[in-house]
Each structure stands twice: as structure tokens, then as C-alpha cells.
2 protein chains.
Amino acid sequence: MTQKDDFQLQDFLPYLLNQAAEESSLAFQQIYKDRYGMLRTEWRVLFHLGIYGEMSAKDIGTRTKVHKTKISRAVAKLEERRFLTRRRDESDRRLEYLSLTKAGLATYAELRSVAVDYDSQLTSKFSHEELTVLRRMLRMLAHID
Amino acid sequence: MTQKDDFQLQDFLPYLLNQAAEESSLAFQQIYKDRYGMLRTEWRVLFHLGIYGEMSAKDIGTRTKVHKTKISRAVAKLEERRFLTRRRDESDRRLEYLSLTKAGLATYAELRSVAVDYDSQLTSKFSHEELTVLRRMLRMLAHID
DNA sequence: CCTTGTTAGTTACAAAATCAACCGTTAACT
DNA sequence: AGTTAACGGTTGATTTTGTAACTAACAAGG
């Protein structure tokens with residue numbers, strides 16, 4: 001394992017971002033996976049509906065930039081578990097609005113509180129100013145807002 | 001789509017990091033995938049060998065935190081394409097050292113230059129100071145160094 | 001109306017990731 | 001030496017994802 005090159009992989013932003021994203025998601029993933037039997041897209045859909053209320057699969061896909069087939073399957077799984085219900089838009093019958101059931105809302109509330117705790121644990125190592133800079137830069141990189 | 005909650009998904013660090021990581025990897029992924037027919041783990045292995053020279057699959061797995069089955073399959077694919085060769089460690093015959101062939105090195109050099117260009121394009125929106133802060137924070141989150 | 005195109009969402013099939021079990025080798029302990 | 005455990009790496013079965021093609025519904029232009 002001898003040095004042969006001066007390119008620094010850990011300074012290459014896409015790589016570094018992926019490493020940070022994976023590592024920082026790990027413990028949270030454990031929880032929604034092991035404790036709630038959910039996949040990544042599923043908790044994301046759950047959270048979107050929990051936060052924004054009724055919205056369509058298309059809306060969620062646009063916001064998360066997740067492909068519609070993944071959304072479709074996540075929605076089907078959440079519906080099967082009675083976490084959400086669908087409602088046809090009568091003026092445009094292609095659309096269906098999704099909203100959480102009581103059970104879905106309860107699960108969202110639980111996971112949300114896990115997320116809040118987890119986030120404050122993650123961010124505890126940094127100052128408020130640093131976090132402001134970090135979030136702004138990440139949002140720019142993610143093309144959010 | 002009515003507001004129902006004040007939890008901000010785009011401030012939840014694991015989510016924000018994943019969005020930034022995915023978006024910032026997209027165009028680079030297009031290149032190694034479409035132009036070089038590679039998978040994520042494959043370019044990572046290629047880069048590790050290009051940067052550090054000869055190393056074992058285990059070493060790569062430790063550094064990248066990628067599971068050994070994924071490494072094993074990426075190595076097999078790269079070997080099949082004659083980008084690397086294996087050499088048994090005679091003092092511990094479980095280990096094999098991987099190193100790039102001439103063709104592997106050439107491909108690495110090409111992709112490396114793409115990566116350098118791509119990175120400077122990504123980082124051009126930020127100041128040197130901001131980038132220093134960002135990298136330091138990401139390394140802490142990724143538990144690198 | 002009637003084509004042609006587009007959209008929201010689903011499905012089928014191929015590709016890839018995950019997980020457990022496996023092989024051969026080395027290490028540790030008795 | 002002999003047993004047991006651990007390690008590096010591979011393989012096979014299952015799950016998840018990606019890609020394309022498909023409904024069904026709407027929209028625009030003739």
C-alpha cells in the first residue's frame with residue numbers, strides 16, 4: 001500500500017459527501033429498518049405526508065427527486081400497512097392524493113422524534129455558525145430552495 | 001398540500017447530506033457509467049488502487065466502508081476487463097494484493113482528470129474558507145482521518 | 001369528434017445490492 | 001498435534017432498484 005499519486009479521494013466532494021451521508025444515516029437507518037421495517041423511500045414518503053399533509057405521489061417525487069417507480073412501490077407498501085390512504089382527484093382522475101391514517105401519523109410522530117434527537121446528537125459537535133454555513137452549502141449543492 | 005407540521009426535512013442532516021451527495025454525484029456518475037460502463041464501487045476500487053498503489057480487497061473495504069461482497073464483485077469485474085491483477089501473499093495465503101494494469105492506470109488517469117475538473121466546477125461557487133469548513137465538517141461526520 | 005402527445009401511476013423484467021452460508025487459511029488455546 | 005475460532009474472500013438465494021413498456025386519463029389541434 002504505497003503512495004503513488006497525490007489525488008485526494010477524501011477531498012473529492014461527491015465522494016466525501018457520500019461518505020458523510022452514509023455514515024450519518026447509518027444509525028437512523030438501523031432504527032427505521034429494524035424497528036419499523038421500513039425502507040429509505042418509505043420513511044421519506046411517510047415524512048413528506050406527515051410534514052406537508054395530503055399530497056400526490058408526483059409531488060413527493062418532485063420534492064425528493066426520487067423516481068416515480070420507487071415512490072409507487074413505497075406508497076403501495078405503506079398502504080398495505082394501513083399507514084396511508086388514497087383519494088382520487090375527481091376533476092383529474094389520473095391524480096390521487098395521499099394522506100396518512102391515524103396509524104401512519106402515530107408512526108410518523110414516533111420516527112420524527114427519533115429524527116429530532118438523532119439530528120441534535122449529530123450536530124452537537126458543531127457551532128451554530130458552522131451549521132448555518134454547512135446547511136447553506138449543502139442546500140446549494142442539492143439544488144434545494 | 002397544506003402545512004401541517006414544523007419539522008424541516010431539509011434541515012435534517014442525514015436527509016440533507018443524502019440529497020447533496022446524490023445531486024452532486026449525478027453528472028460524474030453519468031460519465032463513469034455511460035462512458036466507462038462502471039458501477040460506483042468499481043470506480044472507487046479503481047481510484048483506490050490508482051491513488052495508493054497495490055493494496056488488498058480488505059484494505060479497500062476498510063477505507064471505503066463498503067461491504068466485502070460488493071468489493072469482491074467489483075474486483076472481479078475490473079479483473080475481467082483487465083484493469084487489475086491479483087497477487088497472492090505467500091506468507092498469508094488468504095490475502096491477495098491488487099494492482100492496476102497499464103490499461104487500468106490509463107483509465108484511472110482519464111477518470112481522475114474528469115474528477116478534478118468536475119470537482120473544481122462543483123466548488124467554484126464557494127470561497128476557499130467555506131470549502132475548508134465544509135470539508136472539515138464532512139470528514140468529522142464521515143469519521144474519516 | 002378524432003388523432004397525437006403528454007401526464008400520473010403501475011407493472012414486468014433485468015440489473016444490482018444485501019445477507020447468510022460457505023471455502024481455504026491462519027491464529028489461539030489446550 | 002488437535003480443536004476451535006477468526007479472517008480474507010467468494011458464492012447463491014433473496015430483496016431492492018432501474019429501465020422500459022404499459023394503462024388510463026387528459027389536452028391541444030385539426
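Just so it is clear, the values below take in all heavy atoms, side chains as well, and ignore hydrogens, waters and symmetry mates. In the text below, chain A, chain B and the rest are named by the order of the sequence lines, each starting its count at 1.
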Worksheet item: Touch check for B/R86, heavy atoms < 4.0 angstrom, all strands: base, sugar-phosphate only, or nothing?
Response: sugar-phosphate
To the nearest angstrom, the NZ-P distance between A/K77 and C/dT10 comes to 14 Å
Need one value for A/R40: base, sugar-phosphate or nothing, where a base atom within 4.0 Å counts as base even if backbone is also close, heavy atoms only. nothing
Taken to the nearest whole Å, CG/B/D89 to P/C/dA27 is 10 Å
Closest of D/dA6, D/dG9, C/dA8 to the B/R94 side chain is D/dA6
Separation of C/dG9 atom C1' from A/K58 atom NZ, nearest Å, is 10 Å
The nucleotide from C/dG9, C/dT25, D/dA25 with an atom nearest the side chain of B/R93 is C/dT25
- Query: With a 4.0 Å cut-off on heavy atoms, is B/K68 in touch with a base, just the backbone sugar-phosphate, or nothing at all?
  - Reply: base
Is the closest side-chain heavy-atom distance between B/L134 and A/L16 below 4.5 Å?
no
Between CD1 of B/I71 and C1' of D/dC7 the distance, given in whole Å, is 16 Å
Between A/K33 and A/R88, whichever has its closest DNA chain C nucleotide further toward 5' is A/R88
Rounded to whole Å, NE2 of B/H67 lies from P of D/dC7 at a distance of 13 Å
Ranking B/T69 and A/T69 by the position along DNA chain D of their nearest nucleotide, the one closer to 5' is B/T69
From CZ of A/R87 across to P of C/dA8 the rounded distance in Å is 17 Å
Minimum side-chain heavy-atom gap B/E79-B/R81 below 4.5 Å:
no
Cut-off 3.5 Å, side chains only: do A/Y36 and A/E42 have a donor facing an acceptor? no
Review point. Would you call A/K65 and B/E23 a salt bridge, using N to O less than 4.0 angstrom?
Key: yes
| Touch check for A/L39, heavy atoms < 4.0 angstrom, all strands: base, sugar-phosphate only, or nothing? | sugar-phosphate
Against the side chain of A/K70, the closest entry in D/dT17, D/dA13, C/dA8 is D/dT17
Is NZ or CZ of B/R63 both nearer than 6.0 Å to the six-membered ring centre of B/Y52 and within 45° of the ring axis? yes
Rounded to whole Å, CG of B/D92 lies from P of D/dC7 at a distance of 12 Å
Just to confirm, is there a sub-4.0 Å distance from OP1 or OP2 of D/dG9 to any side-chain nitrogen or oxygen of B/S72? no
From CD of A/Q30 across to C1' of C/dT18 the rounded distance in Å is 13 Å
Residue pair B/L95/A/R73 against DNA chain D: nearer the 5' end by closest nucleotide is B/L95
